[in-house]
Amino acid sequence: MTDYAKRIDQDAFRRDLINWFNNNKRTLPWREDQDPYKVWVSEIMLQQTQVDTVIPYFNAFIRQFPTPSALADADEQEVLKAWEGLGYYSRARNLKTAVKEVKESYGGVVPKEKQSLSKLKGIGPYTLGAIMSIAYNQPEPAVDGNVMRVLSRLCNIEEDIAKPKTKKTFEALVRQLISEQDPSSFNQGLMELGALICRPQSPKCDRCPVKAHCQAFHSNKQNVLPIKSKKKKQSTHSYYVLVLEDQSGQLLIEKRPENGLLANMWQFMMLEKKEVDQALILPYVEEVYQTQVFEHKQLESIKHVFSHVIWELDVHYFKVENIKHVEHSQMLVEKSKIDAFPFPVPHQKVYQYLN
DNA sequence: CAACCGTGGAC
DNA sequence: TGTCCAAGGTT
């Protein structure tokens, strides 16, 4: 294995990075103190999500659930509602499971032992290192996409950062480079540098505080590194969305399964297009929901791109008589009460098109 | 390991 | 419009 750390002046790099971070770090809500719970919540929200997107969610979330115990006592539906629009909803469900464990096993105090933290649901290698270093000032690697990009360039590392095995290489490298005196500033400095200067496209090398140490900069490879293999493209699934409104103005909605895509979120009825021919939708609705259709109109279609799947939605609105067949997972809800339920974005769009 | 798991911003 | 990608984790 190559000893990448030997390619740079480690002491000078540490010093320059930390000095730059302490003079240039952004003012962010989760940087107001070192409350381990706030660090934790912020790190979960920031997974695969941009800072500007997270800020308003973080502020509202901490206001609503100020402590681990407060979150532990909340309903999962409440938590999902607070997470609505952020995506990757298993983050919210895992966080809720984890704080319950913190409340029951650790008296509501976020543990500071590595072994305890890493057992909590939703805390993987990155988040473990982030909490350990930022909240408890322990020298633990926190390797995210920023860190791999920055260090790829710094040490001229040509391994594919999309491969899981490669992350271990970077963790080993960070263990050599990390500051024992200020691991918090070191880890955050790497990420802040990646976000503000050493960006994926057109890195601002002229303003980089560590360009003197950067192997890619010296060989003009900053636009080639890091090496990252492409992910395969999404497959498309086509559905009818069936919006049923009864005579008292109630809408029929259903809760999604507890596993898989958009788990435990709510939606309007969905039907795979290949199941029923377009011309037979109306009789299908009358038969399945044991009702009579008074009005039927097709609304705007929606294309929604997920990380690994694409939905094409043909939205059909039905004004119906009272619905006699309502499954356990389904509910009739007054229009004015519908915003109490956590809806994923594509179904929020459906609702918007009703008005 | 590779696939699954959301959404919005940037270019 | 397409493509990448953003403070990843779980299975």
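These numbers come from the heavy atoms of this one structure, side chains and all, not from hydrogens, waters or symmetry mates. Naming convention: chains lettered A, B, ... in sequence-line order (proteins, then strands); numbering from 1 in each chain.
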Pick the C1' atom in B:dC5 and in C:dA6, then give their distance to the nearest Å. 15 Å
In this structure, how many angstroms lie between the C1' atom of B:dC1 and the NZ atom of A:K167, rounded? 13 Å
Atom NZ of A:K121 with >12 non-hydrogen neighbours under 6.0 angstrom: no
Using atom P in both nucleotides, what's the gap between C:dA7 and B:dC4 to the nearest angstrom? 24 Å
Expressed in whole Å, how much space separates the P atoms belonging to B:dA3 and C:dC4? 16 Å
Without decimals, in angstroms, what is the distance between A:Q234 CD and B:dA2 P? 19 Å
Taking any heavy-atom pair under 4.0 Å as a contact, classify A:R256: base, sugar-phosphate, or nothing. nothing
Exercise: do A:N264 and A:K255 side chains pair donor with acceptor under 3.5 Å: no
Could you check how far CD1 of A:I131 sits from C1' of C:dG9, rounded to whole Å? 13 Å
Comparing A:E43 with A:L120, nearest DNA chain C nucleotide closer to 5' gives the residue A:E43
Under 4.0 Å, heavy atoms only, any strand: does A:W30 hit a base, just the sugar-phosphate, or nothing? base
Under 4.0 Å between a side-chain nitrogen and a carboxylate oxygen: does that hold for A:E140 and A:K114? yes
In B/S/- notation (B base, S sugar-phosphate only, - none; protein heavy atoms under 4.0 Å), nucleotides 4-11 of chain B written 5' to 3' is SBBBBS--
Look at A:K230 and C:dC4 and indicate whether a side-chain polar atom (N or O) is within less than 4.0 Å of OP1 or OP2. yes
So what does A:R149 touch, heavy atoms closer than 4.0 Å: a base, only the sugar-phosphate, or nothing? sugar-phosphate
Looking just at side-chain N and O atoms, do A:Q267 and A:E254 make a donor-acceptor pair shorter than 3.5 Å? yes
Determine whether the side chains of A:Y106 and A:E101 contain a donor N or O and an acceptor N or O closer than 3.5 Å. no
For A:S42, report the nucleic acid contact type (base, sugar-phosphate, nothing); a contact means any heavy atom under 4.0 Å. nothing
Mind calculating the distance between CG (A:L128) and C1' (C:dT10) to the nearest angstrom? 16 Å
Measure NZ/A:K228 against P/B:dA2 and give the value in whole Å, please. 15 Å
Expressed in angstrom and rounded to an integer, what is the separation of A:F58 atom CZ from C:dA7 atom P? 17 Å
Output the rounded distance in Å from CG (A:N146) to P (C:dC5). 12 Å
Which whole-number value in Å describes the distance from A:L196 CG to C:dA7 P? 10 Å
Students often get this wrong, so: under 4.0 angstrom with heavy atoms, is A:L28 touching a base, only sugar-phosphate, or nothing? base
Provide the distance between the two P atoms, one in B:dG8 and one in C:dG9, to the nearest whole Å. 22 Å
Is it true that A:D16 and A:H213 share a donor-acceptor pair across their side chains at a distance under 3.5 Å? yes
Regarding A:K297 and the six-membered ring of A:Y317, is the cationic atom NZ or CZ under 6.0 Å from the ring centre and inside 45° of its axis? yes
Taking atom types as modelled, find out whether A:S301 and A:D314 have a side-chain donor-acceptor pair closer than 3.5 angstrom. yes
If I pick the C1' atom on B:dC1 and the same atom on C:dG8, what distance separates them, to the nearest angstrom? 16 Å
